[in-house]
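Counting starts at 1 for both ligands and their atoms, following the listed order.
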Amino acid sequence: MHPLRELTLEDLRRRTSIKWREHDPDVLPLWVAEMDVRLADPIARAVSQAVAEGDTGYPHGTAYAEAFAAFAAERWSWGGVDPSRTSLVADVMTGIVEALGVVSSPGDPVVVNPPVYPPFFGFVEHAGREVVEAPLGEGGRLDLDALEAAFIHARSGGRPVTYLLCNPQNPTAIVHTTEELRGVAALAQTYDVRVVVDEIHGPLVADGFVPYLSLDGTGNAFALVSASKAWNLAGMKAALLVAGEDAAADLARLPEVVGHGPSHFGVLAHTTAYREGGAWLDALHTDLAANRVLLADLLAKHLPDARWGGGPGTFLAWIDCRELGLGDDPAAAFLEHGRVAVNSGLPFHHGEGHVRLNFGTTPEILAEALERMGRVVGRA
Ligand SMILES: Cc1ncc(COP(=O)(O)O)c(C=O)c1O
C-alpha cells in the first residue's frame, strides 16, 4: 500500500476542493494542507455504507472519543483520554475558538509562537482576543525564554492569559520534545496561564510525538485533536476538544451550539480512521519519509541555495529561500513564473523569504514542481 503513489495528475485535476480549484489548471498546487491521497479503504467503506443505507442523520454518542482514546493509548502510550471529558466540535479551529471562549474573555491576551498557522492570528483576533507573539527560536524550536517573557508581558495588563500551542508546529514541522513541553507546563503553572494545544498534525509523526495532556501538570489545559490532517478528512467535519482532568467544569460551560457543528459523516469518518486506519497511516508514514528524502535531493539539485530543516512533524516543509534573490515573498515568483503554488511565509509572521511547501503528493508531482521552481531561480 502506497497512499502517496496511487493517483495521477489527471485524477487529481478532477478534484473540486480548494487545493485543486484555487489556481489555474496549469499550476501545480503544493500549498493548502490537503494530501493527494485516496480515502483509506475502511473510511471509504464506512461512509459509503452509511450513504447506501440512508444513515444520514445526526451524530450520536462517544464513539469518536473512544476511538481516539484507544489510538492515543496504543500509539502514544497515553491512557488518560476520558471520553466524558471530551466534546465533539465542528473542526479544530472552531474548537480552539470555543476553548478560548470558556477560559478567556474578549480583550484578554493569547500567546502564540510565530511562524505559525495563519488562522491562529485571524481566528483569535476575530474572537476579540489580543495576540501576543513569542517567536520560535533557533532551528524553529520553542524558545522557553521568549515564552516566559511573553507570559510576563501578557500578564502585566492584569487579564487572564491563554497560550495557544501548535504541537507539532505548522509550518516548521518541528515535534516538540517531552522536555520542551514540560518546560511549557512549568511556565504555565508559574504564570497561571491556560494552555490550549492544537495537536491536529500529531498522528503524522511516525515516532516521538508527545501529547501535551499526557504530561504531569497539564490538568487545566485543553487539546484539540482530529483525524483530518493524517487521513485527509478536512471535508468531513468533526474534531474533538479534550479537557485535562482539572478542566472538566470549563468544558461543561461550552454552549450547546458547539455540538451542532460536527456532521454525522465527519464523526463516522474520523472514528473509523482512528479505529481502523492504522495500517494505512503506517503506509503513509513510509511514503512521507520517502518524500522527505526526495525533497531534500530535489532541493539540492534545483534550489541548492534554499535551506530546509527537514522537520519530521507533518507533510509540510518550511523552506528558507532568502538566498534565492526572490525577495520577501518567493511564493509569488514561484506562482507567477513557475506555475507552482506554495504558501507564502508572510501570513505565518516572521516568515519573510520563506515558503511552506506541501509534499503530501506523488513523487512525480513533487519532482516536476521542484524542477519548475528551479527554473524560476535560474531566471532570477
Ligand atoms: C495547525 C492546524 N490547525 C488547524 C487546522 C485546520 O483544522 P480544521 O480544518 O479541523 O479546523 C490546520 C489545517 O491545516 C492546521 O494546520
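- In the hydrophobic clustering of this structure, Ile200 does not group with Leu316; members are Ile, Leu, Val, Met, Phe, Trp, Tyr whose side-chain heavy atoms approach within less than 4.5 Å, directly or through other members.
- The closest heavy-atom contact to atom 3 (N) of ligand 1, among the options Asp198, Asn167, Leu316, comes from Asp198.
- For atom 10 (O) of ligand 1, the nearest non-hydrogen atom of the protein is Val92 N, 2.8 Å.
- In terms of protein heavy atoms, atom 7 (O) of ligand 1 is closest to Ile200 CD1, 3.2 Å.
- Put simply, Leu181 and Trp76 are part of two different groups of oily side chains (I, L, V, M, F, W, Y) that touch within less than 4.5 Å, one to the next.
- Using a 4.0 Å cut-off to heavy atoms of His201, the atoms of ligand 1 that qualify are 1 (C), 15 (C), 16 (O).
- Among all protein heavy atoms, the one lying closest to atom 11 (O) of ligand 1 is Met93 N, 3.0 Å.
- Contact detail for Glu6 and Arg38: the closest heavy-atom pair is O-NH2, 3.5 Å.
- Short contacts between ligand 1 and Cys166, defined as distances under 4.0 Å to a heavy atom of the residue, involve ligand atoms 1 (C).
- The backbone N or O of Lys19 sits less than 3.5 Å from a side-chain atom of Trp31, completing a donor-acceptor pair.
- Counting heavy atoms under 4.0 Å from ligand 1, residue Ala33 touches it through the side chain alone.
- Checking only distances, Ser226 never comes within under 3.5 Å of ligand 1, N or O to N or O.
- Side-chain contact between Leu254 and Leu241: present, with at least one pair of heavy atoms (C-beta onward) separated by less than 4.5 Å.
- Judged by distance alone, the side chains of Arg129 and Ser104 do bring a donor and an acceptor atom under 3.5 Å apart.
- Between Trp308 and Phe359, the ring-plane angle classifies as perpendicular under the 30° and 60° cut-offs.
- The protein heavy-atom contact nearest to atom 6 (C) of ligand 1 is Tyr117 OH, 3.3 Å.
- Atom 9 (O) of ligand 1 has as its closest protein heavy atom Asp91 CB, 4.1 Å.
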